[in-house]
Amino acid sequence: MKNTYYQICINLVGVNPKIWRRLKISSNLLLEDFHKIIQTSMGWRNSHLHQFIKENTFYQKRYPEDPLWEEMDNVDYQGITISDLLKEKGDVVFYQYDFGDNWEHQIELEEVQITNKKTPFANCLDGMNNCPPEDCGGVEGFINMLKIFSNPDHEEYDEYTEWIGGKYDPEYFDLKKINRDLKLPNFGCFEIE
């Protein structure tokens, strides 16, 4: 039986130095599961809402208690796979996480692979740099935080160090840990409480 896999690259938009991950995923992966894989591979904690954006269409998880759903032009992504949005090499979809901080990820399909081998639904192949901390204020807040951490004499250094729970290493990236976590239930993604 032949299986189709995608090699994709996820880039966090607007940050420098770049924060990115390269993954191999099953092409029939549901968007709901792909969200979990993005969360784990990037280092997010799944504590905010998210959506996928393709050609001005917004794909989201529909929550039954959402009173505004009918007023919006969103598509419930239940049952939609990544191959419904990405079909050919070079195709791009965006993933937005935390509508307040507005973390935007560009996801590009780099390669389509047909194989007879059974491989994991998700495997991180490569990447670079640490994910920003949750609730740090988006791109501008993150840039400010990096500036503060680069100067131990900065008046807010101790406050930020306490808030983070220690030092923040912007170059941290642990490929083995990501792949271990992706093998856990829910692809190692924290569940929203």
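This is a predicted model, so every value here is computed, not measured.
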CD (Glu111) with more than 12 external heavy atoms under 6.0 Å: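 Check passes, neighbour count above 12.
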What distance separates [X] [atom1] from [Y] [atom2], expressed to the nearest 0.5 Å?
{"X": "Lys61", "Y": "Gln78", "atom1": "NZ", "atom2": "CD", "result": "9.0 Å"}
{"X": "Glu162", "Y": "Glu156", "atom1": "CD", "atom2": "CD", "result": "13.0 Å"}
{"X": "Ile37", "Y": "Ile10", "atom1": "CD1", "atom2": "CD1", "result": "9.0 Å"}

Which residue in the set Tyr77, Trp44, Tyr95 passes side chain to side chain donor-acceptor pair (under 3.5 Å) when paired with His35?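 With His35 as partner, Tyr77, Trp44, Tyr95 yield a single side chain to side chain donor-acceptor pair (under 3.5 Å), made by Tyr95.
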Ring-face cation of Lys24 near Tyr5 (centre distance under 6.0 Å, axis angle within 45°):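 Yes, a cation-pi geometry.
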Specify whether Trp163 and Tyr160 have parallel, tilted or perpendicular ring planes, treating 30° as the upper limit for parallel and 60° as the lower limit for perpendicular.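 Judged by the thresholds at 30° and 60°, the geometry between Trp163 and Tyr160 is perpendicular.
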Which atom names give the shortest non-hydrogen contact between [X] and [Y], and what distance separates them?
{"X": "Asn130", "Y": "Asp169", "answer": "ND2-O, 2.9 Å"}
{"X": "Ser27", "Y": "Ile82", "answer": "O-CG2, 3.2 Å"}
{"X": "Asn129", "Y": "Glu171", "answer": "OD1-CA, 3.5 Å"}

Is Val92 close to Gln106 at the side-chain level, that is, under 4.5 Å between some pair of heavy atoms?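 When only atoms from C-beta onward are counted, Val92 and Gln106 do touch, with a gap below 4.5 Å.
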Any side-chain heavy-atom pair from Ile80 and Leu30 closer than 4.5 angstrom?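 No. Closest side-chain heavy atoms not under 4.5 Å.
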Are the ring centres of Tyr97 and His48 closer than 6.0 Å?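 Yes; His48 has its ring centre under 6.0 Å from that of Tyr97.
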Does one hydrophobic cluster hold both Ile143 and Val13, with members joined at side-chain heavy-atom distances below 4.5 Å?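 Different clusters.
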